[in-house]
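Presented below is the structure to which this report refers.
Since the structure is predicted, the reported quantities are computational estimates derived from the model, not experimental observations.
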Amino acid sequence: MSHLTGHQVRIAAHGRDIINVAQASVCGGELVGLIGPNGAGKTTLLRAMAHLTPLQGGSMALDGVAMGSLDPRERARRVAYVEQSGAAAWPVSVADLVGLGRLPHLKALAKQGSGDRDAVAAALAATGCQHLAGRSVDTLSSGERSRVLLARAVAGKPEILLLDEPVAALDPAQQLAILTLLRDLAGQGLGILAVLHDLPLAARFCHRLILLKNGQVLADGSPQIVLQDQMLAELFGIEVESGERDGQRWVLPWRALP
């Protein structure tokens, strides 16, 4: 299974480091949550892992090969990135937008084949977007658009999927549906790194959590190990209630610490 790993990653802006991470990784078969307070650098690190933000130091490699040395089409086939609150540049249909996820697999000017159309249909079904296929993307709600953009990424069948707050605009039922989908995709071998702000969902669905604070990794491990009271107090300045159900530990932010 593929693995995407950053070593000694340094990103600076305005004369100061905003990311200084010894190691951050995601491997095939796992759903990893990237969590931390606002301004911790989560989106910046995620974009660096997608080869969208240049590094001032360190390296980012896919299966041991530097991301920058990969052919752009190969990189696009193997690593997909879905930004927060992404939008389409023009009012195409949902089906056509999701079909763009197949572009890295097509030769120049080639039309989609049956395999591409099957991949689009499967992605629409998996994300619950079949009923939106004929809609124009400029008529969608923010939550619908989030699911459609995820469908576009899924249609490309990447090896690594990088998601910036994939459930932020969704209602509770859709949040559960999408995170269940992501967990299932990880079970099929996809490596997923997702920025999440909802600690109860992160605790329930993620195999591993990376906690970022001030651009540095404060902790990296299973939710059971990472989401401890003292760690959450240090990271977020909150007190939590916790318990266990069906063999899983749950946490609930309860009050801000003075």
| query | Is it true that atom CG of D138 has more than 12 heavy atoms of other residues, nucleotides or ligands lying nearer than 6.0 Å? | reply | yes
| field | From CA spacing to verdict: salt bridge (charged side-chain N to carboxylate O under 4.0 Å, His left out), E144, R135 | value | CA-CA 11 Å; E144 289 170 334; R135 290 263 302 274; 3.5 Å; yes
| task | Please check if the side chain of D171 supplies one atom and the backbone of A173 the other of a donor-acceptor pair under 3.5 Å. | result | yes
| query | Less than 4.0 Å between a side-chain N and a carboxylate O, is that true for K42 and E165? | reply | no
| field | CG-CG distance between L181 and L31, expressed to the nearest 0.5 angstrom | value | 10.5 Å
| request: Give a yes or no answer on whether the side chain of E234 reaches the backbone of M231 with a donor-acceptor pair at less than 3.5 Å. | output: no
| Are any of the side-chain heavy atoms of W254 and V240 separated by less than 4.5 Å? | no
| query | Distance-only, no hydrogens or angles: does the Q112 side chain make a donor-acceptor pair with backbone N or O of G99 under 3.5 Å? | reply | yes
| request: Ignoring hydrogens and angles, tell me if any N or O in the side chain of Q228 forms a donor-acceptor pair with the backbone of Q224 under 3.5 Å. | output: yes
| field | Atom pair CD/CG of E159 and L62 - distance to nearest 0.5 Å | value | 6.5 Å
| Under the side-chain contact (heavy atoms from CB on, under 4.5 Å) criterion, do V137 and R145 qualify, and how do the steps go? | CA-CA 7 Å; V137 294; R145 187 167 59 248; 6.0 Å; no
| said: Nearest 0.5 Å, please: how far is CD in Q84 from CG in L46? | reply: 10.5 Å
| Non-hydrogen atoms of L199 and L227 that approach each other most closely | O-CD1, 4.2 Å
| task | Supply the atom-to-atom distance I18 CD1 to I11 CD1, rounded to the nearest 0.5 angstrom. | result | 6.0 Å
| message | Please check this pair: side chain of D246 against backbone of Q248, looking for a donor-acceptor N/O pair closer than 3.5 Å. | response | no
| Is the shortest heavy-atom distance from the side chain of M60 to the side chain of L4 under 4.5 Å? | yes
| CG/L196 to CG/L201 distance, rounded to the nearest 0.5 angstrom? | 7.5 Å
| message | Given 3.5 Å as the limit, does a donor-acceptor pair link the side chain of H7 with the main chain of S59, or not? | response | no
| Are L106 and V98 connected in a single hydrophobic cluster, I mean Ile/Leu/Val/Met/Phe/Trp/Tyr linked by side-chain heavy atoms less than 4.5 Å apart? | yes
| So, the side chain of D17 versus the backbone of N20: is there a donor-acceptor pair under 3.5 Å, distance only? | no
| field | Note, S222 side chain near L209 side chain (heavy atom, < 4.5 Å) | value | no
| query | What are the two closest non-hydrogen atoms of P158 and A153, and how far apart are they? | reply | CD-O, 3.3 Å
| Tell me, do V167 and L179 make a side-chain contact under 4.5 Å, heavy atoms counted? | yes
| Hey, quick one: are L252 and I238 part of the same hydrophobic cluster, counting side-chain heavy atoms closer than 4.5 Å, chains of contacts allowed? | no
| message | I'd like to know if R78 and D63 make a salt bridge, using a cut-off of under 4.0 Å between side-chain N and carboxylate O. | response | yes
| field | Flag, side chain of R183 to backbone of F205, donor-acceptor distance under 3.5 Å | value | yes
| task | Check the pair I35, I210 against side-chain contact (heavy atoms from CB on, under 4.5 Å), reporting the backbone distance first and the verdict last. | result | CA-CA 6 Å; I35 67 174; I210 299 173; over 6 Å; no
| Passes side-chain contact (heavy atoms from CB on, under 4.5 Å), L140 versus L132? Steps please. | CA-CA 9 Å; L140 302 178; L132 301 174; 4.2 Å; yes
| query | Would you say the side-chain atoms of H105 pair up with the backbone N or O of G156, donor to acceptor, closer than 3.5 Å? | reply | yes
| note | Heavy-atom nearest pair, W250 first then E244, reads NE1-N, 3.3 Å
| How long is the span from the CG atom in L193 to the CG atom in D164, to the nearest 0.5 Å? | 10.0 Å
| Looking only at heavy atoms, which two atoms of V251 and A203 are closest? And how far apart? | CG2-CB, 4.2 Å
| request: Please report the shortest heavy-atom distance between G36 and F236, naming the atom on each side. | output: C-CE2, 3.5 Å
| message | Do L100 and V92 land in one hydrophobic cluster if side-chain heavy atoms of ILVMFWY residues count as linked below 4.5 Å? | response | yes
| Side-chain heavy-atom pair V94, L97 within 4.5 angstrom cut-off | no
| query | Any sub-3.5 Å donor-acceptor pair from R77's side-chain atoms to P104's backbone N or O? | reply | yes
| message | If you define the side chain from C-beta out and look only at heavy atoms, does anything of R249 sit under 4.5 Å from P223? | response | no
| task | Would you kindly confirm whether L161 and L52 end up in one hydrophobic cluster when ILVMFWY residues are joined by side chain heavy atoms under 4.5 Å apart? | result | no
| task | Determine whether L124 and I178 fall in the same hydrophobic cluster, where Ile, Leu, Val, Met, Phe, Trp and Tyr are linked whenever their side-chain heavy atoms lie under 4.5 Å apart. | result | yes
| message | Under the criterion side-chain contact (heavy atoms from CB on, under 4.5 Å), I'd like the reasoning laid out for L212 against V21: C-alpha separation, chi angles, the key distance, then a yes or no. | response | CA-CA 9 Å; L212 207 62; V21 169; 4.1 Å; yes
| task | Return yes when atom CD of Q230 has more than 12 non-hydrogen atoms of other residues, nucleotides or ligands closer than 6.0 Å, and no otherwise. | result | no
| Can you tell if the side chain of V195 reaches within under 4.5 Å of the side chain of L163, non-hydrogen atoms only? | no
| task | Indicate yes or no: at least one non-hydrogen side-chain atom of N38 is less than 4.5 angstrom from one of H197. | result | yes
| remark: Between R10 and A12, the two heavy atoms sitting closest are NH2-CB, 4.0 Å
| query | Got a sec, which residues hit side-chain hydrogen bond (donor to acceptor under 3.5 Å, both in side chains) with R102, two or more places apart in sequence or on another chain? | reply | D116
